[in-house]
Structure formats: C-alpha cells, structure tokens
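Accompanying notes for the structure given below.
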Number of protein chains: 2
Amino acid sequence: MLSLKQLRYLDAIARHGHFGKAATHCAVSQPALSMQIQELEQELGVQLIERRRQGAQLTAAGREVARRAQRILNEVRDIGDFARQSAAPLTAPVRLGVIPTVAPYVLPALLPLVRADYPLLVLQVRETHTQQLLAELIDGTLDLLLLALPVEHPEIETQSLIEDRFLLAMPPGRKLRGRVRATPELFEHDRLLLLEEGHCLREQALAVCNLRQIEGVDTFGASSLSTIVQMVANGMGMTLLPEISIGLEARGGRVGIGRFADPEPARTLGLAWRATSPRKEDFAALGGLIAAAVRKCQKPAADIVADQRARERRT
Amino acid sequence: MLSLKQLRYLDAIARHGHFGKAATHCAVSQPALSMQIQELEQELGVQLIERRRQGAQLTAAGREVARRAQRILNEVRDIGDFARQSAAPLTAPVRLGVIPTVAPYVLPALLPLVRADYPLLVLQVRETHTQQLLAELIDGTLDLLLLALPVEHPEIETQSLIEDRFLLAMPPGRKLRGRVRATPELFEHDRLLLLEEGHCLREQALAVCNLRQIEGVDTFGASSLSTIVQMVANGMGMTLLPEISIGLEARGGRVGIGRFADPEPARTLGLAWRATSPRKEDFAALGGLIAAAVRKCQKPAADIVADQRARERRT
DNA sequence: AAACGGCGATAAGAAATTCTGATCGATCGA
DNA sequence: TCGATCGATCAGAATTTCTTATCGCCGTTT
C-alpha cells in the first residue's frame with residue numbers, strides 16, 4: 001500500500017538528485033531510502049528513477065509522480081497547519097514572501113507590531129521578485145505573500161490591503177508648480193531611472209508615465225530603490241517612489257518630492273496565498289497588522305511633501 | 001509523523017460514523033483503528049471525533065481534516081492510476097457515470113466495442129442524474145462521466161464528443177407538413193410530456209420549446225423515456241426524444257416522429273473528468289469509442305423518419 | 001594498468017511500529 | 001438490573017522498517 005513516507009523520499013530525491021543526500025535530508029540511512037523507493041517502483045509497476053553514475057535522474061513517469069507527490073505533501077502539511085491554527089491562532093511560523101520595493105520599508109514597522117500582538121508568532125521573511133515569490137508560494141515553500149496586486153492565478157487567492165501612491169523624486173532644488181502631470185515630456189530633460197527587469201514597480205512606473213518605449217528611460221537597472229535615489233540626488237535623472245519609501249529615501253531633503261495630479265497613480269498592496277491554505281484566518285489577522293504598518297510608513301511622506309512646499313514658498 | 005494510514009482510517013470513520021464498521025471496512029481490527037485515530041488526534045493536537053453512545057461524530061475540526069484527507073487520498077489513488085495508465089493504457093477499471101437519457105441507448109452499443117478494442121478494460125457503469133454524477137466525480141467515486149454539456153466547474157474538465165438532435169414524438173398517425181417549428185402553440189392540443197425534475201433532458205426540452213412556464217406541460221414526471229413514449233403512443237401528449245433513443249423507442253411505428261425546422265435543436269454529448277485526473281489519455285481513447293457507439297445509436301433514427309414520411313405520402 | 005572514490009544495491013540482524021484478541025468500562029434501552 | 005453496544009486499553013505477536021556492514025559497478029586518478 002502506498003505510503004506518505006515513500007512520497008516523502010521520492011520528493012527528496014527529486015530535489016537532490018542523489019540517494020545519499022536525499023537520505024541525509026530525510027534523516028534516514030541511504031539503504032532505508034533506497035528500499036522504500038524500490039518498493040514504490042514495484043507497487044506502481046513503473047521505473048521512476050534512472051540510477052546513473054553521477055546520481056539519480058527521474059524518468060518521465062518519475063517526474064510526474066514526483067509532481068503529484070509534492071502536491072500531496074503540501075496538502076498534508078496544510079492539515080497540520082490547519083490543526084495548529086484551530087488550536088491556537090497565529091502561533092505556527094508564517095513563511096512570508098515580500099517584494100523588494102516593500103520589504104525594507106514595511107518590515108521595520110511590521111515586526112514590532114507582530115511582536116506586540118502575537119508574541120508567539122515567528123515570521124520567516126523572504127524577499128524577491130513577484131514571479132519567484134509566486135512560484136515558491138505554489139510549491140509550498142512560502143505560505144503568504146505581500147506584494148502588488150493584481151495577481152491572477154487559479155490556485156492563488158488574494159486580498160488587497162491598502163493603496164500606495166507614487167510620488168515623483170527629482171534632483172534636489174528642482175522647482176515645481178503644483179502637482180505634476182505624468183507625461184513622457186516630463187522626462188525630456190531628466191531621464192527616468194528605474195529598477196532592473198523583474199521588479200513590478202518598474203512596469204508600474206512605465207505604465208503610469210504612459211511610456212511603452214524605453215526612450216529616455218535608463219535601463220541601467222538598479223537593484224534597489226536607494227541606489228536609484230542616490231542617482232537622483234546626484235542629478236542623474238528622476239524616478240517614481242512609492243509613498244511607503246519616502247520616509248526613508250527622501251529624508252533630509254536628499255531629493256525633491258512632487259505629487260502627481262489627480263487621479264494620483266498608485267499601486268495596490270495586498271496578500272496572496274494558496275487557495276487551499278488552511279490558515280486564511282491567520283492571514284487575515286496578519287493583514288490587519290500589515291495595513292497598519294504600511295500606514296505608518298506612509299505617514300512621513302505627507303510631512304516631507306508639506307515641508308518641502310513650505311520651503312519652496314519661502315525662496 | 002502523519003501517515004496515509006491515519007488519513008485512510010479517518011476517512012473511513014467519516015463515511016461510516018462508527019469505529020467498528022470503519023475498521024471492518026479497512027480490514028483491520030477495531031483497536032488498530034482506534035489507536036491510529038488517537039495518534040492522529042495527538043499529533044494534530046485537536047479532537048477530531050466525538051465518541052458518543054450512538055457512534056462516532058466528527059467535530060468541526062474533524063470534518064475539515066476529513067475533507068482534506070479525502071482529497072489527499074483521491075490524489076494518492078490518482079498516482080496509482082497514472083502509473084497503471086503509463087504502464088498499460090486502458091486496462092485499469094474505469095468507473096463511468098452516465099445520465100439516464102443516454103445510458104440505455106448507448107451502453108448496448110458501447111460495450112461490444114470496448115470488448116473488441118480493449119478486452120482487458122472493465123467498465124463499471126453507474127446511471128443517475130447530472131448533479132449526482134458530478135458530486136461523485138468530484139469526491140472520487142467516479143472516474144469519468146458521459147453526459148450533456150456544458151458543465152461548468154473549476155475542478156472539472158470536459159470534452160464534447162458529438163451532437164444529438166431532438167426529434168418530436170407524437171401519437172401514431174398524426175400528420176406532419178414537413179419540418180416542425182418548436183413553439184408553445186405546438187402543445188395547445190397535445191400536452192408536452194417530460195421526465196421528472198433533475199433530468200437535464202427536461203430542462204433542454206423546455207428551452208427548445210421556448211417554454212419557461214409550465215403550461216401545458218405535464219409535470220407528472222416520468223422517470224424513464226420509455227414510460228413517456230408509452231404515454232405518447234396512447235395519445236396522452238407529445239414529447240421530445242433524443243436521436244439516440246429513436247431506434248429503441250420509436251421502433252415499429254409506436255409513435256410518430258417529426259424533425260424540427262432548422263436549426264435543429266440538439267444537445268451536446270461529451271465527457272467530464274476531474275481536472276487532476278491522470279488518465280486523460282485513457283479517457284480520450286474511450287471517447288472515440290463512445291462517439292462511435294453514439295453514431296450507431298443515431299443511425300436508426302434517419303431510417304425511421306424516412307420510412308414514416310414514405311408511408312405518409314402513400315396515404 | 002591498478003588503485004581509488006563515489007554511488008546505489010544487497011544482506012542480516014536490530015529496532016520500532018502496528019496489529020490482534022481478549023477484556024474493560026461506560027452508556028443506553030428494556 | 002440486565003443485556004447489548006461501542007470504543008478504550010492491554011499484552012504479546014507479527015510485521016515493517018531501519019541500521020550497519022558490505023558489495024559491485026564504473027568512472028577517475030595515479
């Protein structure tokens with residue numbers, strides 16, 4: 001009779017491509033793992049693994065079985081998560097994925113809130129691009145994502161939390177006559193500096209400015225917003241900053257900040273989880289905290305803009 | 001560590017509501033099952049079952065865990081099915097669900113074809129209404145459905161096979177001037193006789209005749225087409241028959257058959273299976289045979305219509 | 001060419017798990 | 001109160017699974 005152990009071992013082999021390493025990872029001896037795999041192959045009547053000199057290679061059937069096994073193992077883990085949640089909400093670790101244009105700003109505000117409200121909760125945070133996050137969410141490596149919506153995927157459910165406006169960051173001292181209008185002309189003198197490919201903020205900024213063409217856009221591709229802000233501060237161009245980043249990135253008047261004309265462009269920040277996840281209540285509770293943290297991050301933006309306008313009026 | 005055995009036992013209890021019966025069903029002793037369940041409850045840290053005088057009752061958490069367990073067990077079975085398919089196509093038994101307005105006509109034609117082409121294949125056929133079939137498909141009791149499309153469900157995939165036209169069945173001797181037009185007036189003298197609620201053919205027939213109201217429609221509700229044909233033969237009204245049924249139901253001139261004006265109304269017969277099913281290739285192969293069987297069933301219809309027209313011209 | 005090293009299979013005995021059969025205790029109905 | 005039913009408990013048996021030791025294969029190294 002098929003057992004979970006066999007599926008666990010197969011999954012380990014699929015991941016490591018090596019009987020010995022897989023066995024170590026499963027905390028059993030290599031023969032134990034080998035025998036279970038043989039048993040599995042015999043029960044299924046199909047060869048799953050090609051034993052080669054340089055390790056183990058899955059056959060076509062093996063890959064398909066491993067894919068299904070992984071799915072099953074995820075669902076088994078979900079049962080455990082569900083039980084833990086219903087026994088004691090928000091105590092099991094949450095593996096949270098966050099996009100790079102959110103993480104450095106929101107996490108410092110979020111973690112104290114979490115510690116205060118759910119002292120037992122452990123947040124394991126991973127920061128990478130949307131596409132990578134989604135892949136890891138689906139394969140069960142992550143439990144929850146904090147990113148920019150919308151996200152369309154049949155196996156994923158989302159909940160939007162809060163809007164995060166875009167502001168224009170200019171070299172310091174640049175004058176503004178009221179709100180900025182987002183047009184390509186804006187970037188005739190100053191190049192638009194953007195993050196490297198893969199960041200959703202890059203695409204959003206291009207959309208906001210009605211730029212399809214990469215003209216006047218620096219494809220140099222920085223990998224963090226603070227790098228870009230450095231460049232802006234040195235007069236190398238302009239960029240769009242999300243409101244949550246202003247407090248950190250525009251402090252001390254390093255760059256000038258301008259608001260866009262209504263309707264102000266914005267991104268929607270929200271959560272995403274596997275549709276089958278048993279911890280939706282946990283996630284909803286966390287969502288409340290995250291929204292609060294985001295609001296905290298956005299607060300300095302208003303001050304900075306007001307402050308700057310006051311200074312301009314004085315000159 | 002969670003095991004499949006525990007999930008199997010829990011599933012059995014969920015089905016039988018009784019430790020002893022569940023144990024019998026799993027072919028183990030009652031203590032063995034009890035102990036595994038206790039183990040499971042301890043691992044999950046949640047009580048899953050209320051032990052009551054009159055048997056076992058799942059707690060709320062128990063129901064949720066059982067639901068997930070059932071899903072997992074289905075997917076495990078799918079792995080076995082997949083392996084068997086890739087080892088030898090179309091040899092593992094197929095549990096096929098068929099709607100009542102198809103089964104008695106198509107199966108007699110289908111089974112010989114199956115025996116000829118796939119002598120090792122065992123078809124386990126179940127006949128009931130669409131809704132019931134869909135429920136059993138999803139919970140894994142059935143593998144494949146033969147029914148009238150469309151079927152909309154996120155977990156189900158379908159493939160249409162063939163069109164099956166509707167014909168008008170009248171008391172014998174009734175004259176027709178060419179093709180019939182499907183209007184409510186058609187049923188001013190003769191009532192429209194239909195199957196009982198739940199048959200998709202009932203809804204389709206009402207739609208074909210542009211009848212929303214149940215006026216002039218006999219809600220008496222027969223449970224089989226041949227009953228209705230009996231009634232039609234005795235002058236109690238008219239009905240719509242699918243083309244595949246004509247050979248059996250209208251043989252010997254028991255009832256008059258009329259074709260509808262173009263565009264002739266028809267239903268689409270097709271297959272449905274779980275989107276996760278590993279046996280799609282099997283099903284596609286079976287689909288070919290089923291389409292052939294349906295075509296065979298439809299053949300007599302043309303002859304009977306032609307024959308009848310010839311007789312009318314003679315009188 | 002011979003020795004080596006990495007890899008998975010095999011073998012035998014030990015350890016752990018799981019099962020059975022007998023029995024118990026509780027509860028409900030007669 | 002008795003009897004019946006149901007699930008829990010217990011002790012020993014049966015089965016499964018694991019570990020350690022070792023083998024055989026085949027590239028690589030010396």
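The model shown is predicted, which means the values in this text are computed figures rather than measured ones. Just so it is clear: chains get the letters A, B, ... in the order the sequence lines come, proteins before strands, and each one is counted from 1. Below, all heavy atoms of this structure are taken into account, side chains as well, without hydrogens, waters or symmetry copies.
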Original post:
Looking at Gln70(A), Arg274(A), Arg67(A), which one forms a side chain to side chain contact (heavy atoms under 4.5 Å, CB included) with Asp139(A)?
Top reply: Gln70(A)
Original post:
Does any N or O in the side chain of Arg51(B) come within less than 3.5 Å of the main-chain N or O of Gln57(B), such that one atom is a donor and the other an acceptor?
Top reply: no
**OP:** Could you tell me from which nucleotide to which nucleotide of DNA chain C, 5' to 3', there is an atom under 4.0 Å from chain B heavy atoms?
**Re:**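 Listing 5' to 3', DNA chain C meets chain B from dT18(C) to dC28(C).
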Original post:
Near DNA chain D, under 4.0 Å by heavy atom, which residues of residues 29-44 of chain A?
Top reply: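 Those residues are Ser29(A), Pro31(A), Ala32(A), Met35(A), Gln36(A).
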Original post:
From Gln30(A) CD over to Thr24(A) OG1, what is the distance, rounded to the nearest 0.5 angstrom?
Top reply: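 Rounded to the nearest 0.5 Å, the CD-OG1 separation comes to 9.5 Å.
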Original post:
Hey, are the side chains of Gln6(A) and Ser3(A) touching, using non-hydrogen atoms and a 4.5 Å cut-off?
Top reply: yes
Original post:
What residue among Glu157(A), Gln159(A), Glu155(A) forms side-chain hydrogen bond (donor to acceptor under 3.5 Å, both in side chains) with Trp273(A)?
Top reply: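 The side-chain hydrogen bond (donor to acceptor under 3.5 Å, both in side chains) with Trp273(A) is passed solely by Glu157(A) among Glu157(A), Gln159(A), Glu155(A).
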Original post:
Are Glu75(A) and Arg71(B) ion-paired here, with the side-chain N under 4.0 Å from a carboxylate O?
Top reply: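 Between Arg71(B) and Glu75(A) there is a salt bridge, with a charged N closer than 4.0 Å to a carboxylate O.
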Original post:
Is the number of heavy atoms from other residues, nucleotides or ligands under 6.0 Å of His16(B) NE2 greater than 12?
Top reply: yes
